[in-house]
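For reference, the structure discussed in these notes is given below.
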Amino acid sequence: MVALIALSCLISSNYWAIIFLIVDFAARAFGTGNFSLLKLLALQIAKTLALKPQMKDLAPKKFAATLGFGFSLLITAMFLFNLSIAAMALTSVMIVFALLESLFAVCIGCYGYSIIQAFKRVKV
């Protein structure tokens with residue numbers, strides 16, 4: 001859903017939907033996710049299709065949502081400062097990351113979280 005929203009912004013050059021993503025990512029990153037419309041929609045789709053839930057560690061997912069929040073803010077800033085090529089490039093990266101997650105279950109933010117945790121454990 002994130003990829004579709006971001007793609008619609010890229011195609012139409014209308015970045016208002018990124019504001020929706022800022023709010024949605026904030027709900028997931030800084031709260032319980034109970035106010036994330038995309039999460040609620042995904043849960044409803046999974047329930048309708050009788051998909052079995054997959055349990056995941058919440059910390060990497062919250063970190064990934066925080067990255068999505070930051071990315072969305074950055075995209076909005078680029079658009080507001082008339083840096084449309086930078087906004088389009090960042091939106092394209094967001095689309096690729098969202099597609100990797102949805103199509104191949106590859107969470108780039110989760111990998112980033114794991115790398116940061118590994119560096120925290122290493123004592124220099």
Side-chain angles (χ1 to χ4, degrees):
M1 289 181 275
V2 170
L4 290 175
I5 291 169
L7 186 60
S8 73
C9 291
L10 197 60
I11 290 171
S12 69
S13 295
N14 183 352
Y15 280 82
W16 283 104
I18 295 291
I19 302 298
F20 169 77
L21 289 179
I22 290 171
V23 173
D24 196 76
F25 278 127
R28 288 186 271 160
F30 308 118
T32 60
N34 292 336
F35 298 108
S36 165
L37 292 177
L38 293 181
K39 179 183 175 184
L40 296 173
L41 182 59
L43 289 173
Q44 188 60 42
I45 290 169
K47 183 179 174 183
T48 302
L49 298 175
L51 299 175
K52 195 169 151 185
Q54 296 177 343
M55 298 309 213
K56 303 262 181 181
D57 186 12
L58 184 60
K61 289 296 186 181
K62 278 190 154 304
F63 180 77
T66 304
L67 289 179
F69 173 76
F71 234 76
S72 298
L73 281 177
L74 195 56
I75 290 168
T76 302
M78 294 296 119
F79 187 72
L80 291 175
F81 289 116
N82 291 322
L83 300 169
S84 58
I85 293 174
M88 289 189 304
L90 290 172
T91 304
S92 297
V93 171
M94 179 184 274
I95 291 168
V96 169
F97 286 178
L99 288 174
L100 285 172
E101 169 70 23
S102 64
L103 298 175
F104 305 110
V106 175
C107 176
I108 301 299
C110 298
Y111 284 122
Y113 176 83
S114 298
I115 291 168
I116 290 170
Q117 293 306 309
F119 277 117
K120 283 184 176 180
R121 281 184 241 136
V122 174
K123 299 198 180 193
V124 180

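Everything numeric in this text was worked out from a predicted model, so none of it was measured.
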Test item: K120 side-chain N/O and I115 main-chain N/O as donor-acceptor pair under 3.5 Å: no

ILVMFWY clustering at 4.5 Å (side-chain atoms), partners of L4: none

Path from L100 to I5 over hydrophobic side-chain contacts below 4.5 Å: yes

Pairwise side-chain contact, L41 with I45, heavy-atom cut-off 4.5 Å (strictly under): yes

Y113 side, atom OH; L67 side, atom CG - distance, nearest 0.5 Å: 12.0 Å

Which atom of C107 lies closest to which atom of A64, heavy atoms considered: SG-CB, 3.9 Å

Neighbour count above 12 (heavy atom, 6.0 Å) for F30 CZ: yes

Interatomic distance, N14 atom CG to I11 atom CD1 [nearest 0.5 angstrom]: 12.5 Å

F20 atom CZ: more than 12 heavy-atom contacts under 6.0 Å: yes

Pairwise distance OG(S114) to CZ(F119) - rounded to 0.5 angstrom: 12.0 Å

Taking every non-hydrogen atom, the tightest pair across A87 and T91: O-OG1, 2.6 Å

Min side-chain heavy-atom separation V2-M94 under 4.5 Å: yes

Hydrophobic cluster identity match, V93 and I18, side-chain contacts under 4.5 Å: yes

Non-neighbouring partners of K39 that pass side chain to side chain donor-acceptor pair (under 3.5 Å), sequence neighbours left out: none

Minimum heavy-atom distance between L38 and M1, given as atom pair plus value: O-CE, 3.4 Å

Please output the side-chain donor-acceptor pairs of residues 71-85 that fall under 3.5 Å, not counting sequence neighbours, one pair per line with the distance.
| unit_1 | atom_1 | unit_2 | atom_2 | d |
| --- | --- | --- | --- | --- |
| S72 | OG | G68 | O | 2.9 |
| T76 | OG1 | S72 | O | 2.9 |

Aromatic contact, F69 with F25 (centres under 6.0 Å): no

Carboxylate-amine/guanidinium contact D24 R28, below 4.0 Å: yes

Atom of S92, atom of L10 and distance for their closest heavy-atom approach: OG-CD2, 3.6 Å

Pair F63-I116, side-chain contact (heavy atoms from CB on, under 4.5 Å): steps then yes or no: CA-CA 11 Å; F63 180 77; I116 290 170; 3.5 Å; yes

hydrophobic_cluster_shared for V106 and F97, side chain cutoff 4.5 Å: yes

Cluster overlap L90 with V23, hydrophobic side-chain contacts below 4.5 Å: no

Cluster check L58, Y111: I/L/V/M/F/W/Y, side chain < 4.5 angstrom: no

